[in-house]
Amino acid sequence: MTSSELWTRATAERYDAEETETSSAAVLGPTLAFLAELAGDGRALEFAIGTGRVGVPLRERGVPVVGIELSEHMAAVLRRKTDEATLPVVIGDMATTVVPGEFTLVYLVYNTITNLLTQDEQVECFRNAARHLAPGGRFVIELGVPPLRLLPPGQVAVPFDVSERHLGFDTFDLVEQILVSHHFTRAGDDGHYRRDNSRHRYAWPAELDLMARIAGLACERRVADWDGSPFTQDSTKHISVWRKPS
Ligand SMILES: C[S@@+](CC[C@H](N)C(=O)[O-])C[C@H]1O[C@@H](n2cnc3c(N)ncnc32)[C@H](O)[C@@H]1O
């Protein structure tokens, strides 16, 4: 039984329209190049493939992709784009669901490891990635660095977007390592805003490295973004690559 909140039909139907920036060529170009190079001549497994924002164009580049996705609603949107023979998707929890075959690449992008709300499940997710990897294969995660340097003592929230159509801020439970993202999104032009919350278990890069070691993987590379720029103490996100021994 996963701790992940289930993504609803309404969220799934809105997802692609709201993700125009993360679906742009400027974002997806370097993402797909990075992932395709690591997949090489092998197959790729996307944990939490969603509506196929990354998996569908990666498949179109010639990389065989399989997806695991918890929400039938998200998978149904993907299925309108490509058929099951071209891009198989298994409905299940990425921490425990096993699909047939070996992969040279398992990847989990867009902060989605944080949808698993306990440390145990995040460790299981690493173990599940390792289980699917061929010797020498890689597990890739894209994740924000927890924005705690922006949270001074006594302040309860950190805004991450204040724009015309969207107000977003995070609140924190520092004991449980839980972050709640609050979104107020303009719904139409009549002045109404829709309110949504999502819960996340944040984790530091070093904690992920330890989870990887528990799963038998070793950190090979950590960069600040898909373009390969160096990860520094000022980086707000990272792309990390762990390798299964050959
Ligand atoms: C931010 S979306 C990312 C979707 C896609 N990877 C992308 O980059 O656009 C998060 C996705 O994670 C899925 N998800 C959440 N918890 C999950 C779990 N335990 N196992 C599998 N998928 C999960 C959600 O249903 C949703 O589709």
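Both ligands and their constituent atoms are indexed starting at 1 by order of listing. We number each residue from 1, following the sequence as shown. Bear in mind the structure is a predicted one, so any value in this text is a computation, not a measurement.
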Point to revise | Hydrophobic cluster (4.5 angstrom, side-chain heavy atoms) - remaining members for Phe126 | key: Leu45, Phe47, Val66, Ile68, Val90, Met94, Val99, Phe103, Val106, Leu108, Ile113, Leu116, Val123, Leu133, Phe139, Ile141, Leu143, Leu208, Met211, Ile214, Leu217, Trp242
Check your understanding: So which heavy atom on Tyr193 is nearest to which on Gly191, and how close?
Key -> CD1-O, 3.6 Å
Review point. Under 6.0 Å from the CD atom of Gln155, do we count more than 12 heavy atoms belonging to anything else shown?
Key: yes
Exercise for review: Decide, yes or no, whether a salt bridge links Arg201 with Asp120 under the criterion of side-chain N to carboxylate O below 4.0 Å.
Suggested key: no
Review point. Cut-off 3.5 Å, side chains only: do Glu46 and Tyr107 have a donor facing an acceptor?
Key: yes
Study note, to complete from the structure: Heavy-atom contacts under 4.0 Å to ligand 1, chain-then-number order, include exactly Thr2, Ser4, Trp7, Tyr15, Glu46, Ala48, Ile49, Gly50, Arg53, Glu69, Leu70, Ser71, Met74, Gly92, Asp93, Met94, Val109, Tyr110, Thr112, Asn115, Leu116
Check your understanding: Would you call Arg165 and Asp189 a salt bridge, taking side-chain N to carboxylate O under 4.0 Å as the test?
Key -> yes
